[in-house]
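Right, one structure below, let's go through it.
Computation of the quantities below employed the complete heavy-atom set of this structure, encompassing side-chain atoms and omitting hydrogens, waters and symmetry-equivalent molecules.
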Amino acid sequence: MARPYKCRRVCGLPRCTAFRPEVPTDEEPVLLSVDEYETIRWMDKEGVDQEGCAVRMQVSRATVQAIYDRARRKIAEALVEGRIISINGGDYRLCHGGECRHCCQKNVKEKGIMKRIAVCYENGEVFQHFGRTEQFKLYDVADGKVTDSKVISCGDYSHEGLAELLVKEGADTLVAGGMGAGARAALGSVGITIYAGAAGSADAAVDALLSGKLQSNPDATCAHHEEHDGGECPHHHGQ
């Protein structure tokens, strides 16, 4: 049975939909679809990796790579042959500003606004190992105050899977105890701000964050990480 087709999500339409060479040409324009343009925007301009781009566009990494490769070939063809680039069409659905918690996240961060904070969670406390956390507590924030919260189960995920779960849940910030380099890389690839080194009450940690009193510790690692070469813990999900 064929897999269901997924429309690619794009954050916004391009500001300019055509690029023309200085010398007029009778050659057929090169058509760049909007979803192809979106991969170029994320991966070449914003510096997001394949995994992060796939999460933002809500498709697989293989699909993103195929779209990206096709877009690069088209742009190269237009530059070498002096042809017009026209951006239009494609299989995509448009995110509408505030309805999309993560693909518009850059603008949110520039304004210093946190909309949803996730905390590695266990029995009311900040759980101390990101890769082994079984729950996240999510806090909705408006005007610098918590307006709602809920606890979700994580399941058996890798670092990348946990990062993707947080993105799907709309989290833009994570409060955690310790984590290794792999976890930091996975979270960074999807643009989630990390406050590591927290301990004690999860609610109190979020209050401290919102009041500007919670500082992130870049050296906060899981105790298990320090016991093994390579900085990674064999107890992580998916390993």
Side-chain angles (χ1 to χ4, degrees), residues 1-20 28-81 83-111 113 115-116 118 136 138 152 154-155 157-174 185-193 238:
M1 183 176 178
R3 296 178 63 184
Y5 184 83
K6 294 182 69 174
C7 233
R8 291 89 180 198
R9 182 171 65 184
V10 303
C11 192
L13 296 175
R15 295 179 182 178
C16 183
T17 58
F19 295 86
R20 295 175 173 80
E28 287 291 324
V30 172
L31 178 61
L32 192 70
S33 66
V34 173
D35 50 318
E36 290 169 345
Y37 158 86
E38 187 77 343
T39 64
I40 294 294
R41 184 179 74 83
W42 277 123
M43 297 174 72
D44 287 342
K45 180 180 182 297
E46 301 295 344
V48 172
D49 64 11
Q50 181 195 68
E51 176 73 21
C53 187
V55 170
R56 287 164 169 81
M57 295 181 70
Q58 295 192 339
V59 293
S60 70
R61 285 177 291 178
T63 297
V64 158
Q65 191 62 50
I67 297 171
Y68 176 73
D69 289 343
R70 188 166 62 244
R72 292 289 296 266
R73 285 195 300 271
K74 288 182 178 181
I75 291 171
E77 182 180 345
L79 292 177
V80 172
E81 298 180 3
R83 295 165 63 182
I84 296 170
I85 298 175
S86 177
I87 306 173
N88 191 27
D91 298 308
Y92 69 93
R93 57 189 176 88
L94 189 63
C95 144
H96 297 287
E99 295 180 10
C100 173
R101 289 181 180 271
H102 79 272
C103 73
C104 300
Q105 190 165 297
K106 180 182 177 185
N107 292 331
V108 170
K109 287 187 176 180
E110 286 175 350
K111 296 174 183 177
I113 299 171
K115 288 188 175 182
R116 176 167 279 190
F136 289 114
L138 305 176
I152 63 169
C154 299
Y157 285 113
S158 64
H159 289 145
E160 291 77 11
L162 289 172
E164 184 172 350
L165 173 65
L166 290 175
V167 167
K168 287 180 178 178
E169 289 290 339
D172 50 63
T173 305
L174 173 71
L187 292 162
S189 73
V190 294
I192 292 178
T193 300

>> Applying salt bridge (Lys or Arg N to Asp or Glu O under 4.0 Å) to Asp35 and Arg9, what does each step give before you reach the verdict?
In response: CA-CA 8 Å; Asp35 50 318; Arg9 182 171 65 184; over 6 Å; no
> What do the steps show when you test Ile40 against Arg72 for side chain to side chain contact (heavy atoms under 4.5 Å, CB included), and what is the final call?
Replying inline: CA-CA 8 Å; Ile40 294 294; Arg72 292 289 296 266; 3.6 Å; yes
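Every residue two or more places apart in sequence or in another chain was checked for a side-chain hydrogen bond (donor to acceptor under 3.5 Å, both in side chains) with Tyr37, and none qualifies. Applying the side-chain contact (heavy atoms from CB on, under 4.5 Å) test to Leu79 and every residue at least two apart in sequence or in another chain returns Ile75. Evaluation of the side-chain contact (heavy atoms from CB on, under 4.5 Å) rule for Arg73 yields Asp69, Arg70 as partners, not counting sequence neighbours. Considering only residues two or more places apart in sequence or on other chains, Thr17 meets the side-chain hydrogen bond (donor to acceptor under 3.5 Å, both in side chains) condition with none of them. Under the side-chain contact (heavy atoms from CB on, under 4.5 Å) criterion, Glu164 pairs with Glu51, Val55, Lys168, not counting sequence neighbours. With sequence neighbours excluded, no residue forms a side-chain hydrogen bond (donor to acceptor under 3.5 Å, both in side chains) with Ser86. Take Ile152 and apply the side-chain contact (heavy atoms from CB on, under 4.5 Å) test, not counting sequence neighbours, and it matches Phe136, Leu138, Lys150, Leu165, Glu169.
Only one option out of Leu174, Asp172, Thr173 pairs with Leu166 in a side-chain contact (heavy atoms from CB on, under 4.5 Å); it is Leu174.
Contact between Glu28 and Arg83 at its shortest, heavy atoms only, is O-NE, 2.8 Å. Summarising the geometry of Ala78 relative to Val30, their closest heavy-atom pair is CB-CG2, 4.0 Å, with the distance given to 0.1 Å. Across all non-hydrogen atoms, the minimal contact from Arg41 to Cys11 is NH2-CB, 3.3 Å. In terms of heavy atoms, Thr39 sits closest to Tyr68 at OG1-CA, 3.5 Å. For Ala118 against Ala171, the heavy-atom pair with the smallest separation is CB-CB, 4.0 Å.
Salt-bridge annotation for Arg8 and Asp91: present, with a side-chain N of the basic residue lying under 4.0 Å from a carboxylate O of the acidic one. Taking a cutoff of 4.0 Å between a charged side-chain nitrogen and a carboxylate oxygen, Glu77 and Lys74 do not qualify as a salt bridge.
Using a distance-only test at 3.5 Å, with no hydrogens or angles considered, no donor-acceptor pair links the side chain of Glu46 to the main chain of Met43.
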